Amino acid sequence: MSKKTSIRLILSVALIAVFYTSTFNFSYSASNQIKVLLDNQPLSFDVAPTTVNNRVLVPFRAISEALGAEVRWDEANQVVLARKDNTKIMLTIGDRKTFINNSSVLLDVAPQIIDNRTFIPIRFISESFGAKVQWDAPTKTVTITPKKETSQISYMGISLGSSLEEATKLFGAPDRIVDSEYGFKWHTFHDNYKNYVQFGISNARVVAIYSNSNGWDSHLLNIDSERNVVEGYLEDPIDRILKGNVFFLLNKDAGSAVYRVDNAYLTVFFDIHNDSRVTSLLLIDEATEEGFLPNKPYADELKGSFAIQSFDLANAIRVRKGLSILSWCDKAASSSYKHSQDMASSSFFAHNNLRGESPFVRMRNEGIQSSNAGENLAAGQQNAIYAHEGWLNSKGHRDILLGDFENLGVGVAFGGPHKVYYTQKYYTAR
């Protein structure tokens with residue numbers, strides 16, 4: 001190897017989450033002096049809260065209306081209903097089986113009539129409408145914190161549900177259209193990689209938005225927002241998503257957090273090398289996210305989509321950092337794909353392949369002569385966005401991603417123990 005030639009090699013692994021189901025149980029102390037605080041304000045009831053089998057029960061109408069729900073009573077069938085926004089709850093007196101939006105739930109204690117009032121478990125009704133519930137045994141106090149209302153999240157006026165026509169009127173023709181693992185197509189818009197944004201389009205409607213540019217329509221939720229500001233603005237992050245009847249656990253990562261907002265899932269990516277400030281946002285429609293099962297094999301056409309998207313994302317962050325735009329190189333892409341495919345089929349994850357060939361040797365075999373070269377590897381990330389954000393938060397990967405190179409080729413392959421393998425080859429020609 002020439003003394004003038006340098007090569008940097010970085011790996012990254014983040015496996016797709018496993019899943020499990022759990023049942024959560026809560027216990028309370030019995031008392032006839034129970035206090036209830038809603039948003040730190042005491043609630044009063046014409047019939048006092050009570051306990052049954054160590055569960056706190058309160059009058060249904062009073063607590064439901066305090067939480068902002070509409071209430072109906074069907075005396076003939078002994079059924080009570082409450083509705084708030086897109087959540088509908090139906091309970092039957094004496095029956096532990098209840099329904100939330102047509103899905104059945106088995107309560108610990110059945111709704112019952114006490115002093116001519118319908119009583120229900122306070123935790124169930126409160127959490128069904130998105131509130132948090134805490135029990136303080138020493139003071140016998142139930143504290144309910146309602147779900148914070150967030151304004152609709154949008155990028156330069158385009159939000160989930162907006163039409164493709166609205167997006168193209170504002171941004172012009174897309175610079176690129178690629179497939180996604182969700183089934184929608186990503187329409188990418190940018191101005192020479194400035195103001196970079198991707199809109200996921202299904203049936204001519206926006207179902208997903210990703211951007212690392214400062215065009216989000218919120219001064220609290222935008223690029224470079226401080227993490228504590230974001231955490232104060234949003235609800236607590238979630239650690240699992242229910243898809244069908246299975247909970248899929250989310251990877252715990254200091255570089256990102258997933259939030260449930262309105263009828264969508266919001267992933268906030270933080271730059272741990274920049275005081276954990278926001279570096280990008282990914283917003284996906286509820287039905288789209290819940291309909292995607294990450295344990296299913298990927299379609300072959302996604303290889304090219306992930307590869308070119310990885311290239312675009314690299315240039316988008318480089319331009320935001322004031323760096324030069326990289327040129328796509330087919331030879332580097334071919335070398336990258338061959339290595340990704342080799343790792344998937346031979347079940348290894350390393351810069352040197354099982355024949356002992358280094359990235360520099362493999363690049364030279366493709367006819368590439370370089371004075372400076374670098375390679376990033378990743379495996380297991382769901383898509384190019386997650387791989388990119390992971391590289392950005394790893395010092396070695398970041399140095400290559402933002403390094404002094406001129407060309408980039410990316411190759412993605414499916415299979416093997418990690419399901420998906422990414423290889424990026426950066427270089428400057430000799």
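Hydrogens, waters and symmetry mates play no part in the numbers below; they use all other heavy atoms, side chains included. Fair warning: this is a prediction, and the values are worked out from it, not measured in the lab. The residues of the chain are indexed from 1 along the displayed sequence.
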Point to revise | From CA spacing to verdict: ring-ring contact (aromatic ring centres under 6.0 Å, His included), Tyr386, Phe269 | key: CA-CA 9 Å; Tyr386 289 99; Phe269 294 100; 5.7 Å; yes
Check your understanding: Within a reach of under 6.0 Å around CZ of Arg96, are more than 12 heavy atoms found that belong to other residues, nucleotides or ligands?
Key -> yes
Review point. Closest heavy-atom contact between Thr87 and Ile100?
Key: CG2-CG2, 4.1 Å
Check your understanding: Does Tyr337 have Lys303 sitting over its ring (NZ/CZ under 6.0 Å from centre, angle to axis within 45°)?
Key -> no
Practice item. Determine whether Ile317 and Leu401 make a side-chain contact, defined as any pair of heavy atoms from C-beta on separated by less than 4.5 Å. Key: yes
**Study point:** Gap between atom CH2 of Trp73 and atom CD of Gln78 - 0.5 Å precision
**Key:** 4.0 Å
Point to revise | Heavy atoms from other residues, nucleotides or ligands near CG of Asn116 exceed 12 (cutoff 6.0 Å) | key: no
Practice item. Determine whether the side chains of Glu290 and Tyr265 contain a donor N or O and an acceptor N or O closer than 3.5 Å. Key: yes
Exercise for review: Say whether, by atom type as modelled, one donor and one acceptor occur between the side chain of Thr168 and the main chain of Leu164 under 3.5 angstrom.
Suggested key: yes
Practice item. Kindly say whether Ala332 contributes a backbone atom to a donor-acceptor pair with the side chain of Ser336 at under 3.5 angstrom? Key: yes
Check your understanding: Going by distance alone, is a donor N or O of one side chain under 3.5 Å from an acceptor N or O of the other, for Asp330 and Trp328?
Key -> yes
**Study point:** Donor-acceptor pair, side chain of Asp179 and main chain of Ser305, under 3.5 angstrom
**Key:** no
Point to revise | Polar contact flag, side-chain donor to acceptor under 3.5 angstrom, Gln424-Glu375 | key: no
**Study point:** Sequence-distant partners of Glu226, salt bridge (charged side-chain N to carboxylate O under 4.0 Å, His left out), two or more places apart
**Key:** Arg277
Check your understanding: Are side-chain heavy atoms of Glu231 and Tyr259 found at a separation under 4.5 Å?
Key -> yes
Practice item. I would like to know whether Ile144 and Gln134 meet side chain to side chain contact (heavy atoms under 4.5 Å, CB included); could you show each step before the answer? Key: CA-CA 7 Å; Ile144 304 171; Gln134 293 178 307; over 6 Å; no
Practice item. Would you give the length of the straight line joining atom OG1 of Thr118 to atom CD1 of Ile63, rounded to the nearest 0.5 angstrom? Key: 14.0 Å
**Study point:** Sequence-distant partners of Asp74, side-chain contact (heavy atoms from CB on, under 4.5 Å), two or more places apart
**Key:** Ala76, Asn77, Val79
Point to revise | For Ser335 against Lys425, the heavy-atom pair lying closest together | key: OG-CE, 3.1 Å
Residues 194-203, side-chain donor-acceptor partners within the protein, below 3.5 Å, at least two apart:
residue	atom	partner	partner atom	Å
Tyr196	OH	Gln198	OE1	2.7

Practice item. Check whether any side-chain N or O of Trp391 sits under 3.5 Å from a backbone N or O of Leu377 as a donor-acceptor pair, and report yes or no. Key: yes
**Study point:** Candidate pair Thr143 and Val133, rule side chain to side chain contact (heavy atoms under 4.5 Å, CB included), full reasoning
**Key:** CA-CA 6 Å; Thr143 301; Val133 179; over 6 Å; no
Review point. Can a salt bridge be assigned to the pair Asp271 and Arg398 using a cut-off of 4.0 Å between side-chain N and carboxylate O?
Key: yes
Practice item. Would you check if the side chain of Thr267 reaches a backbone N or O of Val258 as a donor-acceptor pair within less than 3.5 Å? Key: no
**Study point:** Reported CG-to-CG distance for the pair Leu402 and Leu392, which is rounded to 0.5 angstrom
**Key:** 6.5 Å
Exercise for review: Flag the pair Arg318 / Asn315 as yes when at least one side-chain heavy-atom distance between them is below 4.5 Å, and no otherwise.
Suggested key: yes
Output a table of donor-acceptor pairs, distance under 3.5 Å, between side-chain atoms of residues 154-162 and any protein atom two or more places apart or on a different chain; print 'none' if there are none.
residue	atom	partner	partner atom	Å
Ser154	OG	Asp217	OD2	2.6
Ser162	OG	Ser159	N	3.0
Ser162	OG	Ser159	O	3.0

Review point. Excluding sequence neighbours, so at least two apart, what forms side-chain contact (heavy atoms from CB on, under 4.5 Å) with Leu242?
Key: Phe247
Check your understanding: Any side-chain heavy atom of Ile325 sitting closer than 4.5 Å to one from Asn192?
Key -> yes
Review point. Side chain of Asp285, backbone of Ala287: donor and acceptor closer than 3.5 Å?
Key: yes
Review point. For residues Thr139 and Asp136, is any side-chain donor paired with an opposing acceptor at under 3.5 Å?
Key: yes
Practice item. Classify the side-chain pair Tyr182/Gln382 by whether it contains a donor and acceptor separated by less than 3.5 Å. Key: yes
Exercise for review: Please round to the nearest 0.5 Å and tell me the distance separating atom NE2 of His388 and atom NE2 of His397.
Suggested key: 12.5 Å
Point to revise | side chain to side chain contact (heavy atoms under 4.5 Å, CB included) assessment of Ile153 paired with Leu266 | key: CA-CA 9 Å; Ile153 299 172; Leu266 173 68; 3.8 Å; yes
**Study point:** Closest approach of Val52 to Gln112 (non-hydrogen atoms, all atoms of both residues)
**Key:** CG2-OE1, 4.1 Å
Point to revise | 4.5 Å side-chain heavy-atom contact, Leu326 and Tyr426 | key: yes
Check your understanding: Taking everything shown except Glu65 itself, do over 12 heavy atoms lie less than 6.0 Å from its CD?
Key -> yes
**Study point:** Polar side chain donor-acceptor pair, Gln341 to Tyr421, under 3.5 angstrom
**Key:** no
Review point. Is a salt bridge present between Glu289 and Lys243, judged by a nitrogen-to-oxygen distance below 4.0 Å?
Key: yes
Check your understanding: Are the side chains of Ser340 and Val412 in touch, meaning some heavy atoms are under 4.5 Å apart?
Key -> no
Point to revise | Test item: His339 side-chain N/O and Ala350 main-chain N/O as donor-acceptor pair under 3.5 Å | key: yes
Review point. If every non-hydrogen atom of Leu250 is compared with every non-hydrogen atom of Ile238, which pair is closest and at what distance?
Key: CD1-O, 3.7 Å
Exercise for review: Grab the two heavy atoms, one from Phe119 and one from Val47, that are nearest each other, plus how far apart they are.
Suggested key: CZ-CG1, 3.4 Å
Review point. Does some side-chain heavy atom of Trp135 sit less than 4.5 Å from a side-chain heavy atom of Lys140?
Key: yes
Exercise for review: Spell out, as yes or no, whether a donor-acceptor pair under 3.5 Å connects the side chain of Glu127 to the backbone of Phe124.
Suggested key: no
Review point. Between Asn274 and Ser276, is there a donor-acceptor pair closer than 3.5 Å when you use the side chain of the first and the backbone of the second?
Key: no
Check your understanding: Do the side chains of Asn353 and Phe348 get nearer than 4.5 Å, heavy atoms only?
Key -> yes
Which donor-acceptor pairs under 3.5 Å do side chains of residues 88-95 form with protein atoms, sequence neighbours excluded?
residue	atom	partner	partner atom	Å
Asp95	OD1	Lys97	N	2.9

Practice item. Please name the pair of heavy atoms, one in Tyr427 and one in Cys329, separated by the smallest distance, quoted to 0.1 Å. Key: OH-SG, 3.1 Å
**Study point:** Donor-acceptor pair, side chain of Ser346 and main chain of Asp342, under 3.5 angstrom
**Key:** yes
Review point. Do other residues, nucleotides or ligands put more than 12 heavy atoms under 6.0 Å from Lys395 NZ?
Key: no
Check your understanding: Just checking, is any N or O donor in the side chain of Asp312 or Tyr193 under 3.5 Å from an acceptor N or O on the other one?
Key -> yes
Exercise for review: Take Leu81 and Glu70, measure what side chain to side chain contact (heavy atoms under 4.5 Å, CB included) needs, and give me the verdict at the end.
Suggested key: CA-CA 8 Å; Leu81 300 100; Glu70 297 179 5; over 6 Å; no
Check your understanding: Does CD in Glu75 sit with more than 12 non-hydrogen atoms of other residues, nucleotides or ligands closer than 6.0 Å?
Key -> no
Exercise for review: Would you tell me whether Ser256 and Glu389 have side-chain atoms, one donor and one acceptor, within less than 3.5 Å of each other?
Suggested key: no
